[in-house]
Amino acid sequence: MTTLERMIGILDAPEQVVMDWKAKGKKVIGYRCLYVPEEIIHAAAMLPYATLGTPEPITKADSYFQPCACEFVRNIFDLGLDGKFDFLDGLVLSNTCDAVRHLKNMWTTYIDSVPCYMLNNPQKMYDEPAFKFYRHELEGFKKTMEDLSGNKISDASLRESIDLYDETRRLLKELNGLRRRDVPPISGAEALMISMAAILMPKEETNALLLQLIDEVKTREIKDADGPRIMVTGSIIDNPTLIELVEDMGGVVVADDLCTSMKYFWYQTKPNEDPMDAIVRFNLERSVCACMHPSEERYDFLQEVIGEFAVDGIIYFNVKYCHPFVYESATFRKKLEEETPVLALEVDHSLSGLGQLKTRVQAFIEML
Amino acid sequence: MTTKVTTPGEKSLETTAEISKAIKAYYGGVKVAKEEGKPIIWSYGLTPREIFHAMDAHVIYLEHLPLMVGAKQLSGHYIQVAEEEGFSRDVCAFHRCFLGCAVASERDPYLDQFFVDPDFIIATNLPCMSESKSFLYAADHHNVPYYFIDAPINTWGKDIPDYAIEYYAGQLKGTLDFMSEHGLGTVDWDKLKEAVSLSKKLILLWNEIDKCRQAVPTPMGTVDGLTAAYPLIQLPGTQLGVTLFERLLKELKGKVERGEGVLDDEKLRLLWFGVPPFYNMGLLNYVEKYGAVVVKSMIEYIAGGAYDPSIMDPDKPLESLAYKALVDIVNPISENMVNFIRETVKDFHIDGVIGVVKRSCGLLPGYMRPVKDAVYEDSGVPTTIFDLDGLDIREYDDATSKANLDSFIEALLASKRR
Amino acid sequence: MITAGIDIGSLTGKAVILKDNEILAWNLIPTGPDSSETAQEVTDMTLKGAGLSLDNMDYIVSTGYGRVVVPFSDKNITEITCHAKGAHWFFPGVRMILDMGGQDCKAIRCNATGKVTNFAMNDKCAAGAGRSMEIMADLLETPLEKMGELSLDIKERLAPLSSTCVVFARTEVLGHLHEGAHKNDVLAGACEALAERVKSLLKRVGIEADFVISGGIAKNIGVAKRIEEKEGLKANICFEPQIVGALSAAVFAREILEKKGKRKKR
Amino acid sequence: MITAGIDVGSLATKVVLLNENQLMSHEVSGTGVDATEAVKKAMDTALEKAGISFKDIESLVSTGAGKKKVPFESAQATEIICDTKGVSHICPGVNGVIDIGAENCRVIKCDQEGNIIDFALNDKCASGTGIFLDAMAKALRVKPEEMGELSLQATQDIEVTSMCSVFAESEVVSMIHRRVPKNDILRGIHRSIASRICGQANRILLEGQLVVMGGIAQNLGLITILKELMGSELIVPDEPEILGALGAALLAGEGEGEK
Ligand SMILES: Nc1ncnc2c1ncn2[C@@H]1O[C@H](COP(=O)(O)OP(=O)(O)O)[C@@H](O)[C@H]1O
Ligand SMILES: Nc1ncnc2c1ncn2[C@@H]1O[C@H](COP(=O)(O)OP(=O)(O)O)[C@@H](O)[C@H]1O
Ligand code: SF4
Ligand code: SF4
Ligand code: SF4
């Protein structure tokens with residue numbers, strides 16, 4: 001089996017990662033959104049586990065959420081109601097959008113099996129008072145994690161965790177950098193799956209695998225690389241189907257702006273600081289999500305990637321009822337379109353109605 | 001045909017008519033200010049009005065404009081304009097409508113009376129985080145400066161920690177500086193303190209007004225209440241607001257003494273949870289044919305209406321305002337909203353709760369179920385939940401809405417009879 | 001050089017045979033239960049009309065809803081890309097195309113060579129497409145072809161049908177009729193509602209004065225006229241708007257061949 | 001006391017005549033364009049079947065979407081009340097009702113005594129109602145009454161993803177094109193509609209022993225899948241479409257709508 005296959009294979013049964021970890025008698029903390037610092041969880045010797053959705057239709061959650069709440073959140077809640085997250089020792093959400101805020105409300109009210117915490121991250125970037133406030137919140141969060149795990153988090157152990165995660169991010173960035181080539185070594189769908197697997201696995205393992213993987217794919221070339229180069233962006237995508245769809249229609253997905261992929265690893269923490277401050281700055285100086293103010297940083301990131309990866313067209317996949325991204329795509333679209341064509345699509349998180357999407361994507365690719 | 005079936009709400013109080021005039025006068029004033037070259041602000045959500053009044057700023061509020069446009073049945077048009085700009089039907093209709101007004105190439109004469117372009121924008125993420133992004137679009141479109149007040153969500157209940165107050169109050173200071181920078185002069189701290197003290201007075205009056213509404217029959221229902229809440233939401237920190245509320249209180253007290261109600265023979269008392277149909281406020285009168293009154297609506301209580309102002313200290317104006325904003329019932333993740341409704345149902349002898357969700361709202365859909373369960377558990381009072389967009393008339397279906405109301409009220413009456 | 005374009009829509013199947021730049025033959029039949037068969041059938045008919053056989057075809061491009069199931073096509077291209085090309089073939093100056101078919105409406109912007117630069121499609125709800133017109137026609141017992149004309153001859157202006165749902169519009173229509181409204185007035189309401197929806201689609205891509213309406217609804221002058229009036233535009237409509245997609249597929253086929261510079265062996 | 005219940009549905013008009021709460025006769029006929037006329041006709045037939053004349057009726061209650069078009073003087077009641085009344089009369093003690101009519105789908109939760117606890121009506125979209133099924137029947141060229149039976153003979157699970165009835169129709173057409181067996185398509189359709197109804201029922205946490213009524217309750221295919229999805233016990237009474245009218249007639253017996 002190639003390393004690539006091994007990594008992608010992890011997504012077939014992500015719970016296995018958890019079971020292996022739990023077998024060592026250690027705890028697992030679920031988290032939603034990158035504004036929850038994994039490093040702090042890890043420094044308390046627990047496994048941070050990204051709760052991703054499934055394309056299953058939503059059933060039980062519909063009696064709690066009105067159908068106009070974002071489908072991703074309803075999906076997570078559905079899984080929670082079904083006990084699919086019962087292996088978690090806690091769930092941490094961060095303050096990113098109304099949907100997640102309500103997930104916290106609902107979870108606390110209706111799901112007893114897993115305690116749920118809300119981490120109050122500011123929605124303002126680069127702002128000294130926001131740093132200060134966030135630092136306070138993170139101290140509280142650190143305390144909560146210490147209590148939950150029974151382990152103290154020292155500056156040294158936190159530093160170690162940060163270095164470990166930085167290494168993961170560095171390796172992923174190096175790997176994805178190869179996609180700048182005229183003929184990328186990995187497809188967009190593969191890249192997404194590698195990132196997702198890397199996010200889910202304990203980083204010690206991830207890093208070793210990534211090293212091998214970079215070596216392995218260096219000489220690889222994907223087939224059908226003569227189509228237009230596409231960048232995919234939008235709300236969370238936790239399933240390669242949409243990217244595969246773009247690639248089936250002849251697009252070559254070379255880059256993205258997703259929190260499950262490039263946004264996860266694009267940035268590094270700044271060295272030589274107090275480790276808590278390093279995390280504070282890391283989170284408030286990069287922007288992974290449309291929830292942050294202002295949006296310039298995200299726009300600049302798009303521009304940078306468009307240039308570096310020679311992107312011909314951008315496809316926005318906005319999850320239905322995901323308000324932050326819907327607003328932002330409307331705002332960005334106007335500006336981006338002056339140079340790079342943009343296709344903005346609304347998708348159901350459960351991926352229904354792909355037929356209509358196909359026509360649009362195909363037409364867009366023909367247009368390029 | 002939708003347009004035929006809508007009717008304005010029938011108000012019954014003298015003071016609310018006066019308040020309506022005050023609203024028009026306020027926005028007329030904005031227009032005049034623009035003509036005089038004064039800077040105009042667009043703002044939204046729970047940005048503290050007190051500081052605007054203390055700075056003599058002229059502000060157009062995002063949620064208020066659509067209401068006025070909605071009452072004139074123009075919201076559908078402007079919403080469409082926004083959709084043509086590329087905004088999805090799934091984002092808040094208020095924001096779509098406002099953006100529609102903002103970007104429309106031609107404005108209706110009605111709108112022209114008071115809607116003017118901004119010189120800068122002050123936005124916030126309270127009550128709804130996601131929608132605040134719409135202002136970035138507006139700022140881009142009009143190419144004006146933008147200030148964002150980040151409100152941490154209330155995970156603390158009534159005890160907001162100092163560092164959160166400090167963060168929010170600091171941003172209010174930032175707002176004041178920002179306004180100064182853009183041509184509004186420096187802040188007069190005495191005036192600001194005065195504003196906070198007037199704001200405190202205003203809420204105390206509102207609390208008394210609220211008490212009157214507990215009377216059976218209730219002297220003021222939601223049709224009047226929504227207008228009556230205008231000073232609370234838009235005029236805190238002004239003498240005008242206080243004067244209007246003093247008058248309102250007097251009028252209500254008289255009614256209670258005389259035993260006069262919206263309906264003299266009240267059979268059912270209802271609570272409206274969610275945004276009422278502003279283009280068809282007559283729907284709230286519709287239930288009167290069953291002897292039912294919508295006593296109160298949640299909307300009237302955002303922006304401090306459910307707030308105990310005793311903690312406000314005019315000597316610490318920014319901290320007081322920070323506290324007021326952060327504990328507001330619409331600041332998510334707190335028991336505050338659920339508890340408020342729970343108490344209201346008991347104190348106001350509510351028989352049934354009407355919960356309406358609009359599919360485009362980011363905030364309310366998450367509250368419906370917890371509120372419904374809490375109220376039922378506590379008082380055995382049922383809640384009906386149905387879809388109704390408060391602003392987008394194109395989504396409104398009179399027959400379905402009435403069928404829901406009819407069914408709910410008949411069921412309530414049937415269980416009362418037993 | 002002889003090329004063919006096959007357009008299998010949700011409601012009709014069309015074929016066009018092109019010799020260099022001249023239409024040799026075209027045909028249009030309702031889409032049957034089996035798209036492949038429909039494709040076969042409409043192609044056979046057209047070939048027969050031109051006195052040719054499949055072997056004579058140098059290149060075949062398919063498009064439309066059923067584009068992937070045409071067994072003998074060399075390539076498939078979406079309706080969106082096609083319509084721009086075909087509209088451009090008929091009216092070289094055109095910059096905006098409105099294609100109104102059975103299931104969806106598309107507003108397309110293109111450049112001077114007929115290449116798409118932007119497009120928008122109606123959403124998941126069918127309320128704004130041809131199928132809704134058929135349901136209306138059925139309901140009001142009016143032949144589809146007469147609908148447009150009748151809708152322009154009205155006595156009283158009713159508000160456009162408000163039901164967003166095609167299915168519920170039925171109740172609304174019945175209500176109107178029952179209240180004694182004239183059939184034509186109701187038809188006008190239906191056309192008005194559709195035109196209104198289409199208008200916002202056009203606005204989403206940005207309105208251009210030189211525009212073409214293609215697709216079946218282009219034949220409904222009740223809708224076409226109303227769209228023109230709303231924006232003060234004059235629409236170009238070719239002699240058979242329904243074949244624009246198939247024609248452009250054939251034009252594409254020719255261009256592909258020219259680029260490749262060699263004939264494909266069949 | 002002789003009482004009458006009239007349920008003017010969007011497709012079918014139902015009349016029930018009771019004598020001391022015992023069924024005398026009932027009639028179901030198409031509503032058509034002229035509801036008033038339809039009610040008159042149905043009433044005449046029902047009267048004839050019962051062998052009485054209109055003046056023998058002492059009390060009348062009407063319900064249904066077209067209740068305002070009833071040409072006789074009568075009290076009016078909502079479908080929610082009438083459905084619950086009718087259901088608790090024939091199946092006392094159930095936990096709730098699912099009423100699937102032509103353009104409406106209502107779910108009602110009630111207590112042992114037949115008091116309404118909660119309910120939910122469908123929104124403006126037609127998917128999840130009888131009309132949706134009728135349209136699919138037409139697309140597949142089968143009779144609406146046969147759909148259910150046929151779907152039970154399906155051999156594989158396929159998914160109909162479009163929720164819009166109009167798009168679902170073309171999705172179905174394309175399946176026919178791909179030569180998917182009719183029965184399997186039918187099952188897919190029923191599954192899609194059942195999950196919609198299930199979602200609606202979920203909204204009010206409907207569970208336990210439930211009665212399914214309305215014209216669509218006669219569709220066994222749908223009921224089977226609904227049972228599977230909801231995990232509830234579903235009861236389909238005989239002539240499920242007249243329960244609304246029955247409830248109305250019972251209400252009339254309680255003194256509503258006396259002449
Ligand atoms: N003669 C006509 N007059 C008016 N409308 C027509 C006429 N013929 C077809 N239509 C309309 O055109 C639609 C079909 O358009 P078409 O472009 O063939 O669709 P598709 O490509 O999806 O099969 C029908 O739904 C109908 O509304
Ligand atoms: N035997 C049957 N099998 C399946 N469906 C049926 C049968 N009889 C009637 N229906 C369906 O029931 C629906 C009408 O139900 P009904 O409850 O009478 O509706 P409404 O009260 O809204 O007119 C129609 O859609 C019809 O197709
Ligand atoms: S998809 Fe959008 S709305 Fe949903 S949780 Fe993510 S950011 Fe929030
Ligand atoms: S609370 Fe809801 S209705 Fe109000 S502005 Fe926010 S999203 Fe819109
Ligand atoms: S409203 Fe009607 S036309 Fe629209 S999706 Fe629903 S069934 Fe389809």
Side-chain angles (χ1 to χ4, degrees), chain A residues 63-70 73 93 95-106 108-110 117-124 127-130 132-137 140 290-296 318 320-335 344 346, chain B residues 82 85-88 90-92 95 99 123 125 127-137 139-141 146 148-156 161-164 166-168 170-171 174 332-335 337-338 357-370 373-374 385 387:
Chain A
S63 41
Y64 298 87
F65 280 100
Q66 302 302 313
C68 48
C70 129
V73 151
L93 303 173
N95 173 28
T96 51
C97 61
D98 293 322
V100 167
R101 293 163 160 203
H102 288 302
L103 177 61
K104 159 73 172 108
N105 262 349
M106 294 282 186
T108 313
T109 318
Y110 297 105
Y117 308 90
M118 170 58 90
L119 179 58
N120 218 335
N121 66 290
Q123 284 164 347
K124 218 173 177 176
D127 181 78
E128 279 308 321
K132 206 168 151 199
F133 171 76
Y134 193 35
R135 172 84 200 228
H136 266 288
E137 283 287 315
C291 68
M292 297 301 273
H293 283 258
S295 334
E296 275 90 11
N318 292 326
K320 225 169 151 18
Y321 300 114
C322 170
H323 296 208
F325 280 92
V326 168
Y327 279 116
E328 204 183 74
S329 64
T331 313
F332 281 4
R333 189 183 167 157
K334 279 221 150 146
K335 294 197 261 182
E346 263 175 35
Chain B
E85 279 285 304
F87 287 96
S88 152
D90 296 342
V91 299
C92 170
H95 287 256
L99 281 172
N125 50 358
C128 41
M129 179 269 138
S130 320
E131 313 301 317
S132 55
K133 285 260 152 172
S134 78
F135 263 114
L136 275 177
Y137 189 84
D140 245 30
H141 184 86
Y146 171 91
F148 176 69
I149 306 176
D150 174 31
I153 39 175
N154 182 358
T155 53
W156 310 280
D162 289 344
Y163 68 85
E166 192 189 317
Y167 178 42
Y168 193 85
Q171 295 181 76
I333 321 283
S334 88
E335 304 278 305
M337 171 73 90
V338 173
V357 284
K358 57 202 211 73
R359 76 166 190 181
S360 60
C361 174
L363 180 75
L364 293 173
Y367 279 131
M368 290 292 159
R369 184 61 199 272
D373 285 355
I385 298 175
D387 295 341

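Just so we're clear, the structure is a prediction, and the values are computed from it rather than from any experiment. Every chain is numbered from 1, with letters handed out A, B, ... down the list of sequences.
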Contact class of [X] relative to chain A, heavy atoms under 4.5 angstrom:
X: B/Val357; result: side chain
X: B/Asp140; result: side chain
X: B/Cys361; result: backbone
X: B/Pro127; result: backbone
X: B/Ala139; result: neither
X: B/Glu166; result: side chain

Would you say [X] and [Y] make side-chain contact, with heavy atoms under 4.5 Å?
X: A/Pro129; Y: B/Gln171; result: no
X: A/Lys124; Y: B/Phe148; result: yes
X: B/Tyr163; Y: A/Arg135; result: no
X: A/Glu137; Y: B/Pro152; result: no

Only pairs of heavy atoms separated by less than 4.5 Å count here; which of [options] has the most with chain A?
options: B/Glu131, B/Met368, B/Glu85; answer: B/Glu131
options: B/Cys128, B/Ala151, B/Gly174, B/Ala374; answer: B/Cys128
options: B/Pro365, B/Pro161, B/Gly366; answer: B/Gly366

Do you know which two heavy atoms are closest between [X] and [Y], and how far apart they sit?
X: B/Thr155; Y: A/Asn120; value: OG1-ND2, 4.1 Å
X: A/Ser295; Y: B/Lys133; value: OG-NZ, 3.3 Å
X: A/Val326; Y: B/Ser88; value: CG1-CB, 3.6 Å
X: B/Phe87; Y: A/Ala330; value: CE2-CB, 3.6 Å
X: A/His323; Y: B/Asp90; value: NE2-O, 3.1 Å

**OP:** Start with the C-alpha gap between A/Thr96 and B/Met129, add the side-chain angles, then the distance that decides, and say whether side-chain contact (heavy atoms from CB on, under 4.5 Å) holds.
**Re:** CA-CA 8 Å; A/Thr96 51; B/Met129 179 269 138; over 6 Å; no
Which portion of [X] sits near chain B, non-hydrogen atoms under 4.5 angstrom:
X: A/Asp127; result: side chain
X: A/Ser63; result: both
X: A/Gln123; result: both
X: A/Ala130; result: both

**OP:** Tell me, with the steps shown, if A/Tyr327 and B/His95 meet side-chain contact (heavy atoms from CB on, under 4.5 Å).
**Re:** CA-CA 10 Å; A/Tyr327 279 116; B/His95 287 256; 3.1 Å; yes
**OP:** Tell me whether the guanidinium CZ or amine NZ of B/Arg369 lies under 6.0 angstrom from the six-membered ring centre of A/Tyr110 and within 45° of its axis.
**Re:**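 Yes, B/Arg369 sits over the ring of A/Tyr110.
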Subject >> Top of A/Ala290, A/Ala99, A/Ala344 for chain B proximity - count of heavy-atom pairs under 4.5 angstrom >> reply: A/Ala290
Original post:
Does the ring center of A/His136 lie less than 6.0 Å from the ring center of B/Tyr167?
Top reply: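 No: the rings miss the under 6.0 Å criterion.
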Original post:
If you measure from CD1 on B/Ile153 to CG on A/Asn95, what distance do you get to the nearest 0.5 Å?
Top reply: 4.0 Å
**OP:** Verify side-chain contact (heavy atoms from CB on, under 4.5 Å) between B/Tyr367 and A/Asn105, making sure each step is shown before the conclusion.
**Re:** CA-CA 8 Å; B/Tyr367 279 131; A/Asn105 262 349; 4.0 Å; yes
Original post:
Does the pair B/Leu136 and A/His293 meet the rule for a side-chain contact (heavy atoms from CB on, under 4.5 Å), with working shown?
Top reply: CA-CA 9 Å; B/Leu136 275 177; A/His293 283 258; 4.2 Å; yes
Subject >> Whether A/His102 side chain and B/Leu364 backbone form a donor-acceptor pair below 3.5 Å >> reply: no
